[in-house]
Amino acid sequence: MITLYEDLYFLKERIQEPELKKKLEDLEQQLHLLRTKTGLRQLVKKKKLKKAVEYVKYENELIKLQIELIKLQNWVYENKKRVMIIFEGRDAAGKGGSIKRFTMHLNPRKYRVVALPAPTEVEKGQFYFQRYFQHLPNPGEIAFFDRSWYNRAIVEPVYGFCTREQYEKFMKEVPEIEHALIDDGIILIKFWFSISKETQKKRFEERMKNPLKQWKLSPVDMKAQELWDKITYYKEEMFSRTHTSYSPWIIVNSNNKKLARLESIRYVLNQIPYKGKEEAKVSLHPDPDIVQRYHRRNIQIDA
C-alpha cells in the first residue's frame with residue numbers, strides 16, 4: 001500500500017492534464033477508503049475493489065446519519081415528543097434490516113421495536129387496535145413498528161385470517177384513528193418498503209441456502225411468490241384508502257437494501273425539526289428516486 005501511494009504521488013507531481021489529475025484524485029480517495037478498518041475487512045473477504053469501496057462509502061454515510069439519529073433521539077426525549085415509525089412491505093423487503101440500522105447506536109432506554117406475534121384467542125376477541133395501542137410511544141420515546149395494524153389491510157385478507165366484514169371495518173376506521181393519534185401529538189411516519197418479484201425470489205433463495213437466515217422463512221413467506229398478484233391488489237387498496245394528507249404512505253425502493261436504509265433514515269431526519277439539524281455533516285434530503293410519497297399515478301416497483 002505504501003508503494004502504491006509513492007507511485008501515486010510520483011504521478012501527481014508530473015501529470016498536468018486536468019482529466020488525468022481528476023482520475024488520480026479519485027483513485028487516491030478510493031485508496032484512503034480501502035485503508036480503513038472497514039475497507040481492509042472487505043479486502044480480506046476477497047471482495048472486488050469496486051464493491052469494497054462502495055461498501056466503505058455506505059458505512060461512512062450510515063455512521064454520519066446515525067450520529068444525526070442520536071441527536072434526534074435526544075431532542076425527542078428532552079421535549080417529551082412521541083414518534084411512531086411504521087415499517088410495512090412484502091416479505092424479504094428489508095424492513096428488519098432497516099430498523100436495525102436505525103436503532104444500532106440509539107439509547108435502548110429511549111426507543112422500542114414492536115414486532116408482535118400472531119394474536120392470541122383473547123386478543124382476537126378484543127377491539128382490533130387494542131393490542132397495538134399498548135405499544136404506542138410514551139413521551140420522550142421512539143417506537144419502531146416491524147409490521148403494524150396494517151396486517152389487517154394485506155396479510156390477513158390474503159391468507160384468510162379475517163372476515164370481509166372485519167377487513168372493511170378496519171379500512172374505514174384506520175384513517176380516523178391515525179388522525180386522532182396525530183391530533184394527540186404523535187409524530188407518525190408510514191414506510192412501505194417496495195421490491196420487485198424477482199428481488200423477493202432471489203432473497204428467499206439466499207435465505208434457504210444460508211443456515212443463519214433460515215429462521216426468517218415461514219409458511220407465509222413460502223406462499224408470497226404464489227400470491228404476489230393478490231397481495232398487489234390489497235396493497236393498492238390499502239394505499240388508495242389509507243393514504244391521507246396528514247398520514248401519507250412513503251414508498252421506499254428497497255431493491256437495493258443499502259440505499260433503502262440510508263434514504264429511509266434520511267427521510268425521517270428530514271421530517272423532524274430536532275436540535276442541531278442545521279449542523280449536520282451529511283445531506284438530509286432523501287433521494288426522490290428511492291423515497292417518495294405515494295401517488296396514484298406512481299408506477300410501483302412491486303406492482
Side-chain angles (χ1 to χ4, degrees), residues 69 72-73 75-89 95 98-99 102-103 106 110-120 122-158 161-193 234-252 264 267-274 291-296 298:
L69 281 173
L72 182 149
Q73 185 187 41
W75 176 83
V76 168
Y77 182 76
E78 290 166 4
N79 292 277
K80 305 298 180 187
K81 299 294 184 180
R82 291 173 290 161
V83 179
M84 177 179 178
I85 307 176
I86 289 175
F87 292 77
E88 291 288 349
K95 302 178 293 295
S98 292
I99 292 173
F102 266 91
T103 61
L106 297 183
K110 301 174 184 177
Y111 79 83
R112 277 181 296 128
V113 175
V114 182
L116 300 185
T120 64
V122 172
E123 289 173 330
K124 287 178 182 178
Q126 295 174 343
F127 172 53
Y128 178 73
F129 293 91
Q130 187 171 334
R131 77 188 194 117
Y132 293 101
F133 282 176
Q134 61 185 310
H135 298 287
L136 292 175
N138 297 314
E141 187 178 51
I142 305 173
F144 299 89
F145 278 70
D146 188 348
R147 294 198 182 279
S148 65
W149 45 64
Y150 281 103
N151 273 339
R152 179 144 291 181
I154 299 179
V155 175
E156 292 189 16
V158 167
F161 298 153
C162 71
T163 65
R164 187 69 192 180
E165 291 73 22
Q166 289 172 326
Y167 168 78
E168 288 296 337
K169 187 173 185 291
F170 168 82
M171 296 298 277
K172 290 176 182 177
E173 290 176 343
V174 68
E176 296 177 4
I177 284 174
E178 289 179 357
H179 194 283
L181 293 176
I182 292 167
D183 273 354
D184 197 52
I186 288 180
I187 298 171
L188 176 61
I189 294 174
K190 301 189 304 192
F191 283 128
W192 174 270
F193 279 64
Y234 279 101
K235 178 202 71 172
E236 290 300 329
E237 283 292 296
M238 179 186 75
F239 287 160
S240 178
R241 298 172 67 176
T242 66
H243 173 81
T244 60
S245 59
Y246 52 85
S247 181
W249 277 104
I250 307 303
I251 314 299
V252 181
S264 57
Y267 178 84
V268 171
L269 294 170
N270 182 270
Q271 292 297 300
I272 300 176
Y274 62 91
V291 177
Q292 55 184 295
R293 285 170 65 110
Y294 168 75
H295 191 280
R296 284 169 181 78
N298 282 354

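In this chain, residues are counted from 1 in sequence order.
- Ring pair F127/F129 is tilted by interplanar angle, where 30° to 60° counts as tilted.
- Annotation: the span from R293 atom CZ to I250 atom CD1 amounts to 5.5 Å, rounded to 0.5 Å.
- Rounded to the nearest 0.5 angstrom, S264 OG and K95 NZ are separated by 12.5 Å.
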Salt bridge (Lys or Arg N to Asp or Glu O under 4.0 Å) assessment of E165 paired with K169 = CA-CA 6 Å; E165 291 73 22; K169 187 173 185 291; over 6 Å; no
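- Within the 3.5 Å criterion, the main-chain N or O of I86 finds no donor-acceptor partner in the side chain of R147.
- Ion pairing between E236 and R241 fails under the 4.0 Å rule for side-chain N and carboxylate O.
- R112 and L136 get closest at one heavy-atom pair: NH2-O, 2.8 Å.
- Atom OH of Y111 sits about 11.5 Å away from atom CG of L69, to the nearest 0.5 Å.
- With R82 contributing its side chain and E141 its backbone, the two residues share no donor-acceptor pair below 3.5 Å.
- Both cation-pi conditions hold for K80 and Y77: the charged atom is under 6.0 angstrom from the six-membered ring centre and inside a 45 degree cone around its axis.
- Between the side chain of T103 and the backbone N or O of I99 there is at least one donor-acceptor pair closer than 3.5 Å.
- Looking only at side-chain heavy atoms (C-beta outward), P248 and K190 stay at 4.5 Å or farther from each other.
- For the atom pair NZ (K235) and CD1 (I154), the distance works out to 8.0 Å, reported to the nearest 0.5 Å.
- Residues passing the ring pair (Phe, Tyr, Trp, His ring centres under 6.0 Å) test with H179 are Y246, sequence neighbours excluded.
- One N or O on the side chain of N79 and one on the backbone of W75 form a donor-acceptor pair closer than 3.5 Å.
- Considering W192, W249, F102 in turn, F102 is the only one that fulfils the ring-ring contact (aromatic ring centres under 6.0 Å, His included) rule with F87.
- Residue C162 comes nearest to E156 through the heavy atom pair CB-OE1, 3.4 Å, listed as atom of the first residue, atom of the second, then distance.
- Distance alone, capped at 3.5 Å, is enough to place a donor-acceptor pair between the Y128 side chain and the W149 backbone.
- For the residue pair H135 and L116, the shortest heavy atom distance occurs at NE2-CD2, 3.4 Å.
- Of the inter-residue distances, the one linking M171 atom CE with T242 atom OG1 reads 5.5 Å to the nearest 0.5 angstrom.
- Using a 4.5 Å cut-off on side-chain heavy atoms (C-beta onward), I177 and Y132 make no contact.
- Within a 6.0 Å sphere centred on CD of E176, heavy atoms belonging to other residues, nucleotides or ligands number 12 at most.
- Note that the CG atom of D183 and the CG atom of L181 stand 9.0 Å from one another [nearest 0.5 Å].
- In this structure, the side chain of K110 does not engage the main chain of I142 through any donor-acceptor pair within 3.5 Å.
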Before giving the answer on side chain to side chain contact (heavy atoms under 4.5 Å, CB included), spell out for Y150 and M238 the whole-Å C-alpha distance, their side-chain angles and the decisive distance to 0.1 Å.
-> CA-CA 8 Å; Y150 281 103; M238 179 186 75; 3.5 Å; yes
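- A salt bridge does not link K172 to E168: none of the charged side-chain nitrogens sits closer than 4.0 Å to a carboxylate oxygen.
- A distance below 6.0 Å separates the ring centres of Y234 and Y167.
- The main-chain N or O of F161 is never found under 3.5 Å from a side-chain atom of R152 such that the two would form a donor-acceptor pair.
- Using a distance-only test at 3.5 Å, with no hydrogens or angles considered, no donor-acceptor pair links the side chain of Y294 to the main chain of H243.
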